[in-house]
Amino acid sequence: MEANTIKEKFKLKYGLSLDNYIEANDFDQDQVIRTFNNQKWLLEVYCRSLIHSFEYDKLSDARKLIFDDLVLVQINYVINTFDFTTLSGLDIGTNSTIPQNEIINRYVSPVVKEELKNRGFLFRGLW
């Protein structure tokens, strides 16, 4: 997806401008595209952790559109909670750790997990 398409779809769906939440940078690549691709990759990894043969590139165009919409839901989740992919698990303030399984469970939005299952992305017989 192109940056403008991502911004428009996100604004239409959530009424929020991604420009307000994603900082600009000096890189050649647009930060919106970078964020979208990072979250898409995260969802691909999540799907592959359950279905080893899952490949985004092998999806039909219609399924890619559905998956891309789920990426927008994931971006909204990250904006409204926290990017758990950056969490080390060590809480220096309380001198305790968060179990790795708990961090991994928080990576992906519960709504996205359910939609991936309901939309057949996690169905082993499909691939």
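Counting begins at 1 with the first residue of the sequence. Predicted model, so just to flag it, every value in this text is computed and none were measured. Both backbone and side-chain heavy atoms feed into the values below; hydrogens, waters and symmetry mates do not.
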Test log, rule side chain to side chain contact (heavy atoms under 4.5 Å, CB included), inputs Ile75 and Leu18: CA-CA 9 Å; Ile75 291 172; Leu18 277 177; 3.9 Å; yes

Test side chain to side chain contact (heavy atoms under 4.5 Å, CB included) applied to Gln39 and Tyr77, step by step: CA-CA 10 Å; Gln39 294 304 313; Tyr77 174 74; over 6 Å; no

CA sep, side-chain torsions, deciding dist, call: Leu65, Asp61, side chain to side chain contact (heavy atoms under 4.5 Å, CB included): CA-CA 6 Å; Leu65 286 174; Asp61 289 341; 5.9 Å; no

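Of all the heavy atoms in Arg119 and Arg63, the pair that sits closest is O-NH1, 3.0 Å. Residues Leu122 and Lys117 share a closest heavy-atom pair of CD1-N, 4.0 Å.
With rounding to the nearest 0.5 angstrom, the OG atom of Ser109 is 9.5 Å from the CG atom of Leu116. Between Leu42 atom CG and Asn37 atom CG the span is 12.5 Å, to the nearest 0.5 Å. Here CG of Leu43 is found 12.0 Å from CD of Glu115. Values are rounded to the nearest 0.5 Å. The CG atom of Asn76 sits 9.0 Å away from the OG1 atom of Thr81 when rounded to the nearest 0.5 Å.
Hydrophobic clustering, with ILVMFWY side chains joined whenever heavy atoms are under 4.5 angstrom apart, groups Val111 together with Ile66. In the hydrophobic clustering of ILVMFWY residues, with side-chain heavy atoms under 4.5 Å counting as a link, Val73 and Leu50 come out together. Hydrophobic cluster membership differs between Trp41 and Leu59, with clusters built from Ile, Leu, Val, Met, Phe, Trp and Tyr side chains linked at under 4.5 angstrom.
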Can you list, pair by pair, the side-chain donor-acceptor contacts under 3.5 Å of residues 1-13, counting residues two or more places apart and other chains?
from : atom 1 : to    : atom 2 : distance (Å)
Lys7 : NZ     : Asp19 : OD1    : 3.2
Lys9 : NZ     : Asp69 : OD1    : 3.2

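Under the 3.5 Å distance criterion, the side-chain polar atoms of Gln74 are matched with a main-chain donor or acceptor of Tyr107.
Phe36 is listed as a side-chain neighbour of Asp68, based on a closest heavy-atom distance under 4.5 Å.
Legend: residues meeting side-chain contact (heavy atoms from CB on, under 4.5 Å) with Glu44, ordered by chain and number and at least two apart, are Lys40, Arg48, Phe54, Tyr56, Phe67.
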